[in-house]
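So the structure is just underneath, and the comments pick up after that.
Here is the naming used below: chain letters follow the sequence lines, and residue numbers restart at 1 for every chain.
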Amino acid sequence: MPRADLLEQIYTIVAQIPEGRVTTYGRVAKMTEGATARMVGSAMRHLPDGHGLPWHRVINASRRITEHGGAERQRERLRAEGIAFEAGGRVSAERLWP
DNA sequence: ATGCCGGCTCAGC
DNA sequence: GGCTGAGCCGGCA
């Protein structure tokens, strides 16, 4: 599967995450045909402005926000959608999107 | 071609 | 739950 197609699949999947729900890099990766969690993370990082994708709804397998440049922004966006963080900065498992 | 690093994961302790 | 190491992927130097 060519890299461009995987990227397209990643975008399509991320675009489907409902508001107020989250999913993980690994889950998104598994829904594609061959992408790895790292590729998903990389894809999210290089998103241009105004893409409209809910990149903030993608968190790591520990159900936490991976520390990086825009981590703060991501946390705020999620909170704005009504997503609460449990002790340890974790997102409730019920918020996970299949 | 070679090597290193990444918004990651998972198996093993 | 925390720490470590491998994974064998793509992008970039």
Within this structure, what is the CZ-to-C1' distance between A:Arg45 and B:dC8, rounded to whole angstrom? 13 Å

Is any NZ, NE, NH1 or NH2 atom of the basic residue among A:Arg73 and A:Glu76 found under 4.0 Å from an Asp or Glu carboxylate oxygen of the other? no

Let me confirm one number: the CG-CD distance from A:Asp5 to A:Glu33, rounded to the nearest 0.5 Å. 9.0 Å

For nucleotides 9-11 of chain B, print each protein N/O atom paired with a nucleotide N/O atom at under 3.5 Å, atom names and distance only.
from: B:dT9; atom 1: OP1; to: A:Tyr25; atom 2: N; distance (Å): 3.2
from: B:dT9; atom 1: OP1; to: A:Gly26; atom 2: N; distance (Å): 2.7
from: B:dT9; atom 1: OP2; to: A:Ala61; atom 2: N; distance (Å): 2.6

With 3.5 Å as the limit, what N/O pairs link the protein to nucleotides 11-13 of chain C?
from: C:dG11; atom 1: OP1; to: A:Arg3; atom 2: NE; distance (Å): 2.6
from: C:dG11; atom 1: OP2; to: A:Arg3; atom 2: NE; distance (Å): 3.3

How long is the span from the CE atom in A:Met44 to the NE2 atom in A:His68, to the nearest 0.5 Å? 11.0 Å

Between CD of A:Gln74 and C1' of B:dC8 the distance, given in whole Å, is 13 Å

Give one of base, sugar-phosphate or nothing for A:Met39, where a contact means two heavy atoms less than 4.0 Å apart. sugar-phosphate

Could you pull out the protein-nucleic contacts involving nucleotides 1-4 of chain B (nitrogen or oxygen on both sides, under 3.5 Å)?
none

Would you classify A:Val40 as touching base, sugar-phosphate or nothing, given that sugar-phosphate means primed atoms plus P, OP1 and OP2, and contacts are heavy atoms under 4.0 Å? nothing

If you count every heavy atom of other residues, nucleotides or ligands that lies below 6.0 Å from A:Glu8 atom CD, does the total exceed 12? no

Given the options A:Ile13, A:Val40, A:Ile59, A:Ile17, A:Thr23 meets side-chain contact (heavy atoms from CB on, under 4.5 Å) only with A:Ile17

Under 3.5 Å, is there a donor-acceptor pair between the A:Asn60 and A:Thr24 side chains? no

Rounded to the nearest Å, what distance is computed from the CZ atom of residue A:Arg77 to the P atom of nucleotide B:dG7? 18 Å

Could you walk me through whether A:Arg38 and A:Tyr25 pass side chain to side chain contact (heavy atoms under 4.5 Å, CB included), step by step? CA-CA 7 Å; A:Arg38 283 192 114 105; A:Tyr25 299 101; over 6 Å; no

Here the residues of residues 84-95 of chain A within 4.0 Å heavy-atom distance, strictly under, of DNA chain B are none

Please report, rounded to the nearest Å, how far the C1' atom of B:dC5 is from the NE2 atom of A:His68. 16 Å

Nearest of C:dC9, C:dG2, B:dG7 to any side-chain atom of A:Thr36? C:dC9

Note, DNA chain B 5' to 3' with Watson-Crick or G-U pairs under 3.5 Å encoded as ( ), [ ], | and . gives .|||||.||||||

In plain terms, say whether A:Glu81 and A:Arg57 are close enough for a salt bridge, that is, a side-chain N and a carboxylate O under 4.0 Å apart. yes

Interatomic spacing from CD1 in A:Ile65 to CD in A:Gln74 - rounded to 0.5 Å: 4.5 Å

Selection: residues 7-18 of chain A, any non-hydrogen atom under 4.0 Å of DNA chain B: none

